[in-house]
Q: 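Mind looking over this structure? Questions follow.
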Amino acid sequence: MLLGTVLVLLLAGAAPASAHAALRSTDPDDGSVVQRAPRHVTLTFTESVGLLDDSFRVFGPDQRRVHTGEATHADGRSDTARIGLPGKLAEGTYTVAWRVVSADSHPVSGAFSFSVGKRSATTGQIDTGPTEDPLTRGLYDAARYLAYLAAALLVGTAAFALLCRPAHTSPLRRPLVAAWWTLLGSTALLLLLRAPYEAGTGPAAAFDASALGRTLTGRPGLALLARLLVLLLTAAFLIGLSRRRDTVKRPVALAIGTALATALALTWAAAEHASAGIQVPAAMTSSVVHLLATGVWLGGLVALLLTLRRSSGDDLVEVVPRFSRIAFASVTVLAVTGFYQSWRGLGSLSALSGTSYGRLLLAKLAGVAVLLLVAGYSRRWTARIAVPAVTARAAVPAPVPQPVGAPAGGRETAEGPGTGEPGTSGEPESRGEPESPDGPAGPGAGSADPGIRRRLRRSVLVEVAVAALVLMITTVLTGTLPSRAQAEAAQQAPVGALPPTTEITVPFDTGTDSVTGSGKVLVTLDPARVGENGVQAVVYGTDMGLVAVPEVRVTFTLPSREVGPIDAELADRGGYWSTNSVNLPLAGNWTMKTTVRVSDVDQVSVERRVRVEP
């Protein structure tokens, strides 16, 4: 069975679109120095975002939190987030920590800084608030993984029973019930954990009534509620089908089952990756079809395992070929939709090796090779079950019409019984039967051969195990920023635009054992282009705390044009060193020499290259 070919493509498509909103720009710019205090802080993202009660935390030069207004969307644009600032802001550096929920339901967060009038040095670590609670994230990811598995098992087992029509469906009832309860429980857990997952807090926050109420009004929460409703309708359908199996027509059951499975798949597509980014209608359609094909294939494999173990040989002769054809169709669908969704997430071939998303996708493609080998092995044993039995049935002759009054149990000829000629005995004629690879086989013997069934069962079991492992990797992939969104964020500035500042970290070591004997200097050159520039230098000791030193000197030299050294003439500002009047007359790669003196006799100089733009 070529069943494994597309699992990785299927799972590559499980996280398709521009998943996660990436920060495109900030206003004020990150690291900029503005002369007048801004009235708002505005963030622009690569896709629409949802806002939280505590989406912004702004800290002033004294590290105290600044009172701000309520977070809103700027100018009604869903891809922005804005917060109002007080009318008067003191001079110095402000830190802005932010956290929003992207349209694909994943929270994203970060921080940046800007300065009013001039930069100021901080004296300690600023608490920018929670970013992510490991326990909440672990529980949430585990619930998502279980939900994927349970949905595939539920859809696939039901489809196997309706499409492959095994004689006995009792072995399928237990996995069907287990899948339903697992999906119900994982969905309820996702609904409870949604609020702490978005806010980055501990699991205990799941029982906050106000947070749960906010979850129920958001798109991810509404999708989870819809999934619970679909599950209840599915339970009613399955119970009714089991009680009225003989009276319900199979086309009607297939139509109702397909509608319920489609509605279930929509609860993922409407709130996750396909609902954001480019080509949303096509992506959502592709995602729904992709998820349905996943369930039919992966859940069907589990149902096939149970059927191989408990059904009779004659039943397998019909069931296995049917599932093989259905699996091939599922593989084709997965290949097409998986390719489209992988392209939508990657954006370019270079992203395969240049981004985390691409490297994870390559890991999935490596799994394809393993699945192809196992699938080929499975197909080998499938053929040995189906083909010999079909051939044997074709070799059985049609009944010969008997004269009226002929004995019911015999078939005598003119020669009479017992002559030893073919067809003259009362016993059926002994005919040569096709032989299976493991020995002679009678009608149905290919499917009944325990050796062949055992080998097929083992190969399908390996397929299921590899599929579950790849699905686990997919859970990680769905939490990774896709390459397309990453590229969009990298294009936040127009072509040729320059960053507002250039920061250079200069480690130093004077060879002494004191706290100030070694550390690093963070030098900021603003705007790092021809003309007047500002230079600020902050010295950190070995304990990563700010330290005071007698002197910091920075000079600039342009060796290619024999210009310099130009002394920045930094002044001690009480915690950091700075100047606003360094004239760098030419563009090019300058050599910045930083000298740190920690005592009357101990000093060290370190050189770094810095680019000055026209």
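Just so it is clear, the values below take in all heavy atoms, side chains as well, and ignore hydrogens, waters and symmetry mates. Quick note: residue numbers are just sequence positions, from 1.
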Q: Quick check for you: to the nearest 0.5 Å, what is the distance between Leu192 atom CG and Tyr197 atom OH?
A: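 Atom-to-atom, Leu192:CG and Tyr197:OH are 16.0 Å apart.
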Q: What I'd like to find out is whether the side chain of Thr44 reaches to under 4.5 Å of the side chain of Arg77, using heavy atoms alone.
A: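 Side-chain contact under 4.5 Å: yes.
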Q: Side chain of Ser287, backbone of Ala283: donor and acceptor closer than 3.5 Å?
A: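 A pair under 3.5 Å: no.
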Q: Kindly determine whether Arg611 and Asn589 satisfy side chain to side chain contact (heavy atoms under 4.5 Å, CB included), including the steps that lead there.
A: CA-CA 5 Å; Arg611 175 70 181 174; Asn589 295 317; 3.3 Å; yes
Q: Assess the residue pair Phe45 and Arg24 against the criterion (side chain to side chain contact (heavy atoms under 4.5 Å, CB included)); give the C-alpha distance rounded to whole Å, side-chain angles, the decisive distance to 0.1 Å, and a yes or no.
A: CA-CA 5 Å; Phe45 297 90; Arg24 188 188 298 274; 5.8 Å; no
Q: Over all heavy atoms of both residues, which pair between Val521 and Ala537 is shortest? Give the atoms and the distance, please.
A: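 For Val521 versus Ala537, the nearest heavy atoms are CG1-CB, 3.9 Å.
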Q: Evaluate the side-chain proximity of Trp98 to Leu23: yes if any heavy-atom separation is below 4.5 Å, no if none is.
A: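 Yes, their side chains come closer than 4.5 Å.
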Q: Within the 4.5 Å heavy-atom criterion, are Val41 and Phe112 side-chain neighbours or not?
A: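 Side chain of Val41 against side chain of Phe112, heavy atoms only: contact under 4.5 Å found.
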Q: What is the minimum heavy-atom distance between Ala568 and Thr579, and which atoms define it?
A: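 Closest pair (atom of Ala568, atom of Thr579, distance): O-CG2, 3.2 Å.
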Q: Kindly compute the distance separating CG (Leu558) from CD1 (Ile566), expressed to the nearest 0.5 Å.
A: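 The distance works out to 8.5 Å.
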Q: Distance only, no hydrogens: is a donor on one side chain within 3.5 Å (strictly under) of an acceptor on the other, for Arg82 and Thr72?
A: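 No.
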Q: Going by heavy atoms in the side chains, are Pro86 and Val66 under 4.5 Å from each other?
A: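 Yes. Closest side-chain heavy atoms under 4.5 Å.
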Q: Might you work through the side chain to side chain contact (heavy atoms under 4.5 Å, CB included) test for Leu85 and Thr68, ending with a clear yes or no?
A: CA-CA 5 Å; Leu85 297 175; Thr68 59; 4.1 Å; yes
Q: Going by the salt bridge (Lys or Arg N to Asp or Glu O under 4.0 Å) test, which pairs reach into residues 182-201, not counting sequence neighbours?
A: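 Every pair satisfying salt bridge (Lys or Arg N to Asp or Glu O under 4.0 Å) with a residue in residues 182-201: Arg194-Glu198.
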Q: Would you say that Thr594 contacts Val523 through its side chain, given a criterion of any heavy-atom pair below 4.5 Å between the two side chains?
A: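 Sidechains of Val523 and Thr594: in contact.
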Q: Could you check whether the rings of Trp590 and Phe556 sit parallel, tilted or perpendicular, using 30° and 60° as the cut-offs?
A: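 Judged by the thresholds at 30° and 60°, the geometry between Trp590 and Phe556 is perpendicular.
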Q: So, do Val100 and Leu51 sit near enough that their side-chain heavy atoms are less than 4.5 Å apart?
A: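 Of all side-chain heavy-atom pairs linking Leu51 with Val100, at least one is under 4.5 Å.
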Q: Taking all non-hydrogen atoms of both residues, which atom of Gly534 and which atom of Gln536 are closest, and how far apart?
A: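 That closest heavy-atom pairing would be C-NE2, 4.0 Å.
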Q: List the atom of Ala269, the atom of Val288, and the distance in Å for their closest heavy-atom pair.
A: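 For Ala269 and Val288, the tightest heavy-atom pair comes out as CB-CG2, 3.9 Å.
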Q: Are Pro61 and Tyr94 close enough that some pair of their side-chain heavy atoms sits under 4.5 Å apart?
A: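 Of all side-chain heavy-atom pairs linking Tyr94 with Pro61, at least one is under 4.5 Å.
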Q: So how far is it from Ser286 OG to Phe339 CZ, rounded to the nearest 0.5 Å?
A: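 If we round to the nearest 0.5 Å, Ser286:OG and Phe339:CZ are 12.0 Å apart.
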Q: I'd like to know if the side chain of Ser186 and the backbone of Leu146 have a donor-acceptor N/O pair within less than 3.5 Å.
A: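 No; zero donor-acceptor contacts below 3.5 Å.
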Q: Using modelled atom types only, decide if a donor and an acceptor are shared between the side chain of Asp133 and the backbone of Gly200 within a distance under 3.5 Å.
A: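 No.
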Q: What are the two closest heavy atoms between Trp577 and Pro550, and how far apart are they?
A: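 Distance-wise, the nearest heavy atoms are CH2-O, 3.3 Å.
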Q: Using every non-hydrogen atom in the two residues, find where Thr93 and Ser115 come nearest and quote the distance to one decimal.
A: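 Heavy atoms of Thr93 and Ser115 come nearest at OG1-OG, 2.9 Å.
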Q: Could you give the distance from CG (Leu52) to CZ (Arg99), rounded to the nearest 0.5 Å?
A: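 Here the interatomic distance stands at 7.0 Å.
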Q: CD/Glu607 to CE/Met592 distance, rounded to the nearest 0.5 angstrom?
A: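 It is 10.0 Å, given to the nearest 0.5 Å.
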Q: Could you walk me through whether Ser113 and Asp30 pass the side chain to side chain contact (heavy atoms under 4.5 Å, CB included) check?
A: CA-CA 5 Å; Ser113 65; Asp30 184 14; 4.0 Å; yes
Q: Can you tell if the side chain of Arg609 reaches within under 4.5 Å of the side chain of Thr591, non-hydrogen atoms only?
A: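 Yes, at least one pair of side-chain atoms sits under 4.5 Å.
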Q: Would you say Asp62's side chain and Arg64's backbone share a donor-acceptor pair under 3.5 angstrom?
A: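 Between the backbone of Arg64 and the side chain of Asp62 there is a qualifying donor-acceptor contact (under 3.5 Å).
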Q: My understanding is that only residues two or more places apart in sequence, or in another chain, count here; which of them pass side chain to side chain contact (heavy atoms under 4.5 Å, CB included) with Glu551?
A: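 Glu551 satisfies side chain to side chain contact (heavy atoms under 4.5 Å, CB included) with Arg553, Arg597 only.
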Q: Between side-chain atoms of residues 204-226 and protein atoms elsewhere (two or more places apart, or another chain), which donor-acceptor pairs fall under 3.5 Å?
A:
from, atom 1, to, atom 2, distance (Å)
Asp208, OD1, Ser210, N, 3.1
Asp208, OD1, Ser210, OG, 2.8
Arg214, NH1, Asp53, OD2, 3.1
Thr215, OG1, Ala211, O, 3.2
Thr217, OG1, Arg214, O, 2.8
Arg219, NH2, Ala103, O, 2.9

Q: Ring-plane angle category for Trp268 and Tyr148, please: parallel below 30°, perpendicular beyond 60°, tilted otherwise.
A: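 Trp268 vs Tyr148 ring planes: parallel.
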Q: What distance do Leu190 atom CG and Leu139 atom CG have between them, rounded to the nearest 0.5 Å?
A: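 Here the interatomic distance stands at 10.5 Å.
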